[in-house]
Every structure is written in structure tokens, then in C-alpha cells.
Protein chains: 2
Amino acid sequence: MAERLTRQESRRRTRGRLLAAAAELFAERGVNGASVEQIAERAGYSRGAFYGNFAGKDALVAELLNERTRREAEEVREATAGAATRDEAFDALRAWNRDRARNLDSWLALRMELLLHAIRTPELRPLLAEREQAARGALAEGVRRELDRGGAAAPADPAFLALIAHALEDGLLIQRVLDPGAVGDEAVVDAVELLLRSWTALGGAPGEEGRG
Amino acid sequence: MAERLTRQESRRRTRGRLLAAAAELFAERGVNGASVEQIAERAGYSRGAFYGNFAGKDALVAELLNERTRREAEEVREATAGAATRDEAFDALRAWNRDRARNLDSWLALRMELLLHAIRTPELRPLLAEREQAARGALAEGVRRELDRGGAAAPADPAFLALIAHALEDGLLIQRVLDPGAVGDEAVVDAVELLLRSWTALGGAPGEEGRG
DNA sequence: GTCTATAAAGAGATAGAC
DNA sequence: GTCTATCTCTTTATAGAC
């Protein structure tokens, strides 16, 4: 039985390698700037293997978008499910962002490449939109919990506050890529913490201000 | 005498048309997806005219980045200089954003294309970074003024608050492109207004801390 | 300055061998 | 499944006519 899945598994492995190589190259040179030959070569194959596993470049891009979207949605779920308290949630967020900071350029480049591709391919937009909704939804729940906990009246619809917090992620990472000196390592977490404090009206506590 | 500048002016005009056509096509199909021939054709010329005015596609991209950066910095200056009161500033901001909303897709696509290009071309990064700094700086001044006016202590360094407000622009526009139903037409202005209100309403914070 | 023609390289995709 | 060879189209860039 150990060999029963070999065919399928082998196919999956090859496809996975091609997808990973494509992700790298898309970040480096853009979707349009990376050729099928380069993708196959970096994955350790030839063009033939590529066309044996994907109908063409467009098909690979669509699948990459799909795969990454699904994985990120999972990560969001796991991250939020794991943390029970506010501090735990922020710790998880910090870890996540530290990770991302390590290769911010390529991470952001890939995200924007896929985003641009989705903008230009209307039928793919809902896919990406879904992931964003999930992220915003999880955030909204967190915000609501914090507001309840503090017993404070929300300054606005929690969904809107979550939208702000979520949008900050892309926005701050863009600023950081362009000007690393002006945007701290943990700006995203710092900003979200600051906002949450403002909204829950806990701002008076002098002890732990600003960044960590 | 009316013809004295014809040569220079003619050259400027042709270059301007090529740059405008390139901007359109870059938004539609990406920098790498738009060919020199397509650019020249949309501008109403042939490839020959293109190469007569630019050393190649890279040179055009660099100049486009330069031109747009300069223009946007000017617009920031004008917008902030014109508005004396807070309401005037927000009105200007609203008008600016309504304008942008009309063709959000192509606007955002072009911005991200140029951003990606800057990420991949290190020597161009400072150019874009400069524009962002100017925008953040203008915002920071506005925030500081508001805080002073309200007599409230800042919950953080005004520069950090300005960074948050500025980052929100990109972030919210991205969310809006992906999910127009979930992000209102004036989300950017609404969000900035909300934040400013939260920050000015927060009294007794301890001086100015925040990021370093 | 702008055109047409063309060289040279690179792209996506297919066919057939193994 | 993966390789090599090949077809066809597109691309960048140059040359020379006007």
C-alpha cells in the first residue's frame, strides 16, 4: 500500500514544486516577467514537465492564487482560534509579523502581484475577496470582544473598526518597504494596539505605551 | 517667434503622450505586459518615435515614476496648503478621494505597478520614499495642529499617528477594490475622521510616547 | 522626429521519444 | 511523467529612408 499513492503523490509533489518556484519568481520578476522555462528550471524540471502538469501559465497562476488564499485563510483561523486572551492574540500577531518581516520585499511583492492579477481577472476577484472577508470577520470579533470586556461604547461599528485594523496591515507594510527607517519593525502590531486602546478608551494607562 | 520653442515643445508633447499612453497600459496590463509597440500605438505613433524619445522601456518607466511622484507631491502640497480649517481639509480630502474612486481599479493598479517596480529597482526606491515622506509629513502637521487645538495630549507621537492615517489610504483602497460592497465610497475619509476624533478625545495620555 | 523594414532573442505551446 | 526538438508569434532594438 505504500506505493499505491505513488502516482498521485508524485504528481502532487511536482505540482507543488512548480507552484513554489513560480511563487518565488513571481515575487522576483512579476507574473509576466517570469517565463514558463524559468519556473520549470527553478523547480528542477524542463518545460515538458510544466505542460504535463498545467494547461499553461494562466492555469498555474489561478491555482497559485487558490492555494495561497486557502492557506492564508487557514492561518487566520488557527491564529485567532489559538489565542484566548488579548495578550495571547497580540503575541501571535507579533510572531506572525516578525516572520513576515524577514522577507518583507518578496512577500509583499507576491501579494501585490496576485492582487494585480485578481484586479485584472474579474472571475478571480471573489476568491481573494473571500479571504479578506474572513480576516476582517475574525478581527471584528476580536474588536467586539475587547469592547465588551471594557464595557465601553464603540466609537463605530466594530466591522468598520476591524476594516481599519485590517487595512493597516497592507498599508503599513507598503510604507515599510518604501521607507524602512521610518516604519518600525512592529509598526503593524503597535498600531493595532494603539487603535484598540483608543477605541476601548483605555488610553489613560501610562504604563505600556507605544511599541514594545 | 511663435515657432521658437517648436522643436523643444514638440518633443515634450510627444514624450508626454507616450508617457500617458504608457501609464494607461501599465495599469491595464502591467509594466511587463505592455509592449513598446502598444504604447507607441496608443499614443498615436510608431515604434520609431518611441525609440527616438526614450532609450528603451526602462528609461520610460523611470521617467514615468519620476513624473508621477513629483506631481503627487505637488498635489499634496497644494491640497494641504489650501485648507486652513479642519473642515476645509476634510472637504479637500473628500473631493480628492471621490475623484480617485471613479477609476479606482486603474489608479490602484498603476500605483502598485510602480511600487513593485520600485521594490525591484533599489535605486528608484528613494524617489518613491520621498513622496511618501512628504505625504506623511503634511499629515503629521495636521494631526499636531488638531491635537494642539483640542488641548489633548497625544496618545502617541504625531508622526506615528500620521503614519497610521497615511497607510490607511493604500490599505483601504486595496480592500475596496477587492470588496466594494464592504468598503464604502468614503471609507478613507471616514476612517481618518474617526481616528482623529478618537485621538483628540483621549485626554490624559502621558506625553508622547509611541514608536521611536 | 518619425516612418518602415528587419535582425535577433525570447515567449508560449505542441509533438514524439523514452 | 518528463525530456528534447520544433513551430509560431511576440518582443526589443537597430538601420536607413523621408
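A, B, ... follow the sequence lines: proteins, then strands. Residue 1 opens every chain.
Under a cutoff of 6.0 Å and an axis angle of 45°, A/R17 and A/Y45 do not form a cation-pi pair.
At the heavy-atom level, A/S46 lies under 4.0 Å from base atoms of the strands shown. Counting any heavy atom pair closer than 4.0 Å across all strands shown, A/Y51 reaches a base atom.
A salt bridge links B/R70 with B/E74; the closest basic N to acidic carboxylate O contact falls under 4.0 Å. Between B/E146 and B/R86 there is a salt bridge, since a side-chain N of the basic residue sits under 4.0 Å from a carboxylate O of the acidic one. Under a 4.0 Å N-O distance rule, the pair B/E67/B/R15 does not qualify as a salt bridge. With respect to the salt-bridge test (charged N to carboxylate O, under 4.0 angstrom), the residues A/D185 and A/R94 do not qualify.
Contact of the A/R176 side chain with the A/L104 side chain is registered, since non-hydrogen atoms from C-beta on lie closer than 4.5 Å.
Considering only residues two or more places apart in sequence or on other chains, B/A191 meets the side chain to side chain contact (heavy atoms under 4.5 Å, CB included) condition with A/F160, A/I164, B/L168, B/L172.
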Provide a list of protein-nucleic acid N or O atom pairs under 3.5 angstrom, restricted to nucleotides 5-9 of chain D.
none

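D/dT12 atom C1' lies 14 Å from atom CG of B/L60, rounded to whole Å.
In this structure, a donor-acceptor pair under 3.5 Å is present between the side chains of A/D179 and B/Q133.
Between A/A55 and A/R29, the residue anchored closer to the 5' end of DNA chain C is A/R29, taking for each the nucleotide with the nearest heavy atom.
Bracketed by its first and final contacts, the part of DNA chain C lying under 4.0 Å from non-hydrogen atoms of chain A reaches from C/dA11 to C/dT14 in 5' to 3' order.
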